[in-house]
Amino acid sequence: MWNVPATTAAILELGDRLVCQGVTRVVMEATGTYWKPYFFLLEARGLDCWLVNARDVKNVPGRPKTDKLDAVWLAKLTERGMLRPSFVPPKPVRQLRDLTRLRTVLNQERARHKQRVEKVLEDAQIKLTSVITDLFGVSGRLMLAALIAGEHNPHTLADLARGNLVRKKTALAEALNGKFEDHHGFLCQTLLDSIDHLTAQIARLTEQITTVVRDLPGPEGTSALRPGPSLVERLDAIPGVGITTAHVLLAELGPDMGVFPTADHLASWAKLTPRTTQSGAKRGASPTGRGNPWLKGALGEAATAASRTDTFLGARYRRIVKRRGRKKALVAVARSILVIAWHLINDPDTEYSDLGSDYHQRLIDPNRRTRDLVRQLKALGHDVALTPATA
């Protein structure tokens, strides 16, 4: 056993020595991003690299904790078949991940800048957000530009309203009556420049993501099968899922569902299934777990959007939210979206077909439903006589 520096030459030399000694599998613990150079360079040397979850190889109480003993512990667990490899996608999918995750980070940063602009306006007693839904729409940007340019007359600023806001000029004039000074103008201009710069970067990333998705290879053995725009469009057909979310799904899952034998395996990997805990005769459900934050974040947004639609997913949310609450209902809808995405990615000939918001109502047996309602009325002390309705 020897120490290996984290340099390219040293890692490649390590790979050669392992191959010469007949080693076929290398197991490493997932620690931040430090595992990546070892994984990718040793994989390029032809070694079977496994990345394992730190939770599965955590330190056992009473065992000394050193790097060398950790390596010995990993080897023992691997020999006994007590470890399972984590999902590490191929290089094209990893590159797509880098792009989609960077776009998500830039979107979050742009949202923070927009919130800072609203904070500056509140400091200047400009209550524009109480009247305008989108401060950074056409009307909002015109008013912000006029404020920065030195126009402080609230009625003149209200005349810049466009579209439906024209009917709210009186409320706009009242909201724009504040103490906006040059200091606030400088802050707003600086923040708006950053927002515009981030918007341009996000647009560039979206163009690059579209190109990468179009050239993304299909599953092994089906090189002619490419996800391309057709798969993105089929994922886009799911209620709540847009083009951006479809890109995230492809980046986090990849185009090859052979890694996840069934949709239930995928839902379990994504931590969208409750964990059952049992103690004696008592059974309970534990939290789902953290999972992939990039995937769960995108699915959460899609579930929130789908919950407002008149579709099967929207009806599913409304049925569950009444008895389980909003958070659990969103998790259930997110899981349904992920299961649908698994089927669409796994089978290139599958297209999404909505079951309809009345799907569960159609499954109800009218006679059984009638008996249940009559039984409930009798339990409340009523005499029930049913008369068939005439057509």
Side-chain angles (χ1 to χ4, degrees), residues 99-210 236 239-248 294 297-298 300-310 314 326 330:
L99 295 172
T100 56
R101 291 180 178 184
L102 178 58
R103 181 174 62 180
T104 300
V105 170
L106 294 183
N107 271 312
Q108 294 171 349
E109 187 64 26
R110 183 175 62 176
R112 283 191 286 268
H113 279 67
K114 290 182 177 180
Q115 292 171 351
R116 293 187 182 102
V117 172
E118 296 180 13
K119 186 177 180 180
V120 171
L121 293 179
E122 289 291 332
D123 183 68
Q125 284 297 307
I126 302 295
K127 307 294 183 178
L128 201 54
T129 53
S130 63
V131 183
I132 297 181
T133 303
D134 183 10
L135 179 61
F136 299 91
V138 175
S139 300
R141 287 302 296 259
L142 288 174
M143 295 176 190
L144 287 174
L147 282 169
I148 294 171
E151 180 60 59
H152 297 156
N153 188 319
H155 296 285
T156 304
L157 293 170
D159 290 336
L160 297 175
R162 298 290 185 271
N164 294 330
L165 283 175
V166 174
R167 300 194 298 266
K168 301 181 180 180
K169 285 188 177 181
T170 303
L172 284 171
E174 184 178 354
L176 289 164
N177 186 14
K179 299 295 182 181
F180 194 91
E181 301 176 354
D182 293 340
H183 170 69
H184 300 112
F186 177 78
L187 294 176
C188 284
Q189 186 61 62
T190 303
L191 292 171
L192 289 175
D193 290 342
S194 298
I195 291 171
D196 293 338
H197 177 65
L198 289 171
T199 301
Q201 287 184 320
I202 292 170
R204 288 179 54 196
L205 278 172
T206 301
E207 293 179 0
Q208 183 65 17
I209 289 171
T210 303
D236 185 29
V241 176
I243 298 296
T244 300
T245 305
H247 289 161
V248 174
W294 309 95
E301 294 179 2
T304 302
S307 66
R308 305 188 183 101
T309 61
D310 187 24
R326 180 175 180 274
L330 287 176

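- With Ser139 contributing its side chain and Arg162 its backbone, the two residues share a donor-acceptor pair below 3.5 Å.
- Judged by distance alone, the side chain of Asp123 and the main-chain N or O of Lys119 form no donor-acceptor pair under 3.5 Å.
- Note that NE2 of His197 and CD1 of Ile202 are 10.5 Å apart. Values are rounded to the nearest 0.5 Å.
- Separation of atoms CD (Glu118) and SG (Cys188) is listed at 10.5 Å; rounding is to 0.5 Å.
- Across all non-hydrogen atoms, the minimal contact from Ser307 to Thr304 is OG-O, 2.6 Å.
- Taking the side chain as every heavy atom from C-beta outward, Leu187 and His183 approach each other to under 4.5 Å.
- Two residues are said to be in side-chain contact when any heavy atoms from C-beta on lie closer than 4.5 Å; Lys114 and Ile195 meet this criterion.
- Atoms CD and CG, from Gln115 and Leu191 in turn, are 11.5 Å apart once rounded to the nearest 0.5 Å.
- Ala302 approaches Val241 most closely through the heavy-atom pair CB-CG2, 4.0 Å.
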For this session: Could you check Thr100 against Trp294 for side chain to side chain contact (heavy atoms under 4.5 Å, CB included), going step by step and ending with a plain yes or no?
Result: CA-CA 9 Å; Thr100 56; Trp294 309 95; over 6 Å; no

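- Ionic pairing of Glu109 and Arg112 is present here: one or more N-O contacts between side-chain nitrogen and carboxylate oxygen are shorter than 4.0 angstrom.
- Summarising the local packing, CD of Gln108 is surrounded by more than 12 heavy atoms from other residues, nucleotides or ligands at distances under 6.0 Å.
- Summarising the geometry of Leu172 relative to Leu165, their closest heavy-atom pair is CD1-O, 3.8 Å, with the distance given to 0.1 Å.
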For this session: I would like to know whether His113 and Arg110 meet side chain to side chain contact (heavy atoms under 4.5 Å, CB included); could you show each step before the answer?
Result: CA-CA 5 Å; His113 279 67; Arg110 183 175 62 176; 5.6 Å; no

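- Here the closest heavy-atom approach between residue Ile148 and residue Phe180 is recorded as N-CE2, 4.2 Å.
- Residue Lys168 places its NZ atom among 12 or fewer non-hydrogen atoms of other residues, nucleotides or ligands, all under 6.0 Å distant.
- Each of Leu192, Asp196, Thr199 was evaluated against Phe136; a single residue qualifies, Leu192, per the side-chain contact (heavy atoms from CB on, under 4.5 Å) test.
- Taking CD1 of Ile243 as the reference point, atom CD1 of Ile209 lies at 12.0 Å (rounded to 0.5 Å).
- A distance-only check finds no donor-acceptor pair linking the side chain of His247 to the backbone of Thr244 [under 3.5 Å].
- Within a 6.0 Å radius of CZ in Arg326, no more than 12 heavy atoms belonging to other residues, nucleotides or ligands are found.
- Side-chain atoms of Leu160 and Glu151, non-hydrogen and from C-beta on, never get closer than 4.5 Å to each other.
- Residue Ala175 comes nearest to Ser130 through the heavy atom pair CB-OG, 4.5 Å, listed as atom of the first residue, atom of the second, then distance.
- Proximity of Val131 to Glu174: side-chain heavy atoms (C-beta onward) are nowhere separated by under 4.5 Å.
- Side-chain N or O atoms of Ser194 include one that pairs as donor or acceptor with a backbone N or O of Thr190 at under 3.5 Å.
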For this session: Tell me, with the steps shown, if Ile132 and Met143 meet side chain to side chain contact (heavy atoms under 4.5 Å, CB included).
Result: CA-CA 11 Å; Ile132 297 181; Met143 295 176 190; 4.0 Å; yes

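- Between Leu147 and His152, the shortest heavy-atom contact is O-NE2, 4.0 Å.
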